[in-house]
Amino acid sequence: LNLICEENQEMMKKLKRGELDIVFAKKDLHQEINGVTYIKLGYLHDVIIAGRNSEFATKNLTLENIEEQIIYVPRVYAQAVYRIKELTLGKEVKLKNSSYNTILKLASTGKVLGLITREYVKEDEYEKFKIKEVQTSINLGEIEFGIFYIKSSKFKELNNLIKLIKKYFL
């Protein structure tokens, strides 16, 4: 078993070339997936976080009141980063890339905001870092995620895995 974490477009190229057997990923609406089978597994939620005692904790954030504000975001090629860039187009939002753990620590200081995918962070970490999700008018919404694979694969173990996923997750 070989697991990788790369940009979605790069993983799709590798999947189509036969270098990968299956990709678990968020669905990118701009992504061309000809020849690839997709099975939706559910939804993920990108959210903005802040320290519970920060000035942001009780505000409804808008594009206007986060201009010039530093927002710590995941790696540069993460879907969440692409989405917030699209949603804030034309605004002076300062995005800084960091690891999830660092985003949680920095947001807990109350001086900066963080952008995370809710389901990637354990519930007890909200308490541990004293952070909360901030209300926002920025439409982050939900993001579909699932598996991508080549249907014509003759790889028996892959087909068995897909059968298990269909049986237990759909």
Side-chain angles (χ1 to χ4, degrees), residues 1-12 20 22-31 38-89 91-148 161 164-165 167-170:
L1 181 62
N2 185 17
L3 301 175
I4 63 168
C5 182
E6 292 181 359
E7 186 174 357
N8 270 13
Q9 290 176 335
E10 188 59 30
M11 289 192 298
M12 289 303 161
L20 295 176
I22 191 168
V23 172
F24 290 79
K26 292 178 181 176
K27 187 175 184 185
D28 181 350
L29 297 177
H30 306 294
Q31 188 172 52
Y38 171 75
I39 298 175
K40 179 179 90 174
L41 296 178
Y43 292 95
L44 299 172
H45 303 84
D46 290 335
V47 295
I48 295 177
I49 58 168
R52 278 193 229 139
N53 298 322
S54 76
E55 64 177 286
F56 308 110
T58 57
K59 283 185 179 177
N60 182 23
L61 297 181
T62 64
L63 284 176
E64 289 70 34
N65 67 12
I66 64 166
E67 270 194 290
E68 299 298 319
Q69 177 58 45
I70 295 173
I71 302 176
Y72 283 87
V73 298
R75 63 197 179 283
V76 70
Y77 57 84
Q79 288 285 334
V81 176
Y82 287 141
R83 292 183 68 240
I84 198 155
K85 283 181 178 179
E86 283 181 356
L87 293 168
T88 60
L89 198 59
K91 298 292 182 185
E92 293 296 320
V93 179
K94 297 176 184 174
L95 304 179
K96 296 203 178 219
N97 301 100
S98 200
S99 69
Y100 261 78
N101 202 42
T102 302
I103 293 169
L104 298 176
K105 286 179 184 175
L106 290 170
S108 73
T109 67
K111 296 177 182 156
V112 299
L113 298 168
L115 175 69
I116 61 169
T117 301
R118 177 188 299 141
E119 291 79 5
Y120 294 178
V121 176
K122 297 176 191 166
E123 282 185 38
D124 65 336
E125 289 182 304
Y126 279 80
E127 184 61 37
K128 174 184 172 185
F129 289 101
K130 296 183 180 10
I131 55 172
K132 67 175 277 185
E133 293 177 15
V134 179
Q135 295 298 318
T136 178
S137 63
I138 302 167
N139 187 18
L140 294 169
E142 58 187 18
I143 309 103
E144 194 174 306
F145 79 99
I147 59 170
F148 299 84
L161 174 61
L164 286 171
I165 290 169
K167 180 177 179 178
Y168 293 104
F169 294 98
L170 299 182

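Starting from 1, each residue takes its place in the sequence as its number. Bear in mind that the values here come from a model prediction, so they are computed numbers and not experimental data.
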Side chains of [X] and [Y]: closer than 4.5 Å at any heavy-atom pair?
X	Y	value
I71	I66	yes
L61	S137	no
V134	N60	no
I147	I165	yes
Y82	E7	yes
V73	K96	no

When rounded to the nearest 0.5 angstrom, what is the spacing between [atom1] in [X] and [atom2] in [Y]?
X	Y	atom1	atom2	result
M12	E10	CE	CD	11.5 Å
S54	K130	OG	NZ	14.0 Å
L140	I138	CG	CD1	6.0 Å
Y168	L41	OH	CG	15.5 Å

Considering non-hydrogen atoms only, spot the tightest contact between V81 and R75 and give its length.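 Of all heavy-atom pairs spanning V81 and R75, the closest is CG2-O, 3.4 Å.
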Ion pair check, [X] and [Y], cut-off under 4.0 Å:
X	Y	answer
K94	E67	no
E127	R52	yes
E133	R118	yes

Is it the case that over 12 heavy atoms from other parts of the model lie below 6.0 angstrom from the [atom1] atom of [X]?
X	atom1	value
N53	CG	no
Q135	CD	no
E123	CD	no
F169	CZ	no

Run the side-chain hydrogen bond (donor to acceptor under 3.5 Å, both in side chains) test on T117 and K26 for me, step by step, so that the C-alpha distance in whole Å, both residues' side-chain angles and the decisive distance to 0.1 Å come before the verdict. CA-CA 11 Å; T117 301; K26 292 178 181 176; 2.8 Å; yes
Mark yes or no for whether K27, through its side chain, and I143, through its backbone, hold a donor-acceptor pair below 3.5 Å. no
Using the rule given for side chain to side chain contact (heavy atoms under 4.5 Å, CB included), can you reason through I116 versus I48, listing the C-alpha separation, both sets of side-chain angles and the distance that settles it, and then say yes or no? CA-CA 6 Å; I116 61 169; I48 295 177; over 6 Å; no
Kindly list each side-chain donor-acceptor pair under 3.5 angstrom involving residues 102-115, sequence neighbours excluded, with atom names and distances?
{"unit_1": "T102", "atom_1": "OG1", "unit_2": "S99", "atom_2": "OG", "d": "2.9"}
{"unit_1": "S108", "atom_1": "OG", "unit_2": "K105", "atom_2": "O", "d": "2.6"}
{"unit_1": "T109", "atom_1": "OG1", "unit_2": "L106", "atom_2": "O", "d": "2.6"}
{"unit_1": "T109", "atom_1": "OG1", "unit_2": "K111", "atom_2": "N", "d": "3.2"}

Residue pairs passing the ring pair (Phe, Tyr, Trp, His ring centres under 6.0 Å) test with at least one member in residues 99-133, sequence neighbours excluded, are Y100-Y120
Inter- and intrachain pairs under ring pair (Phe, Tyr, Trp, His ring centres under 6.0 Å), touching residues 38-69, at least two apart: Y38-F148
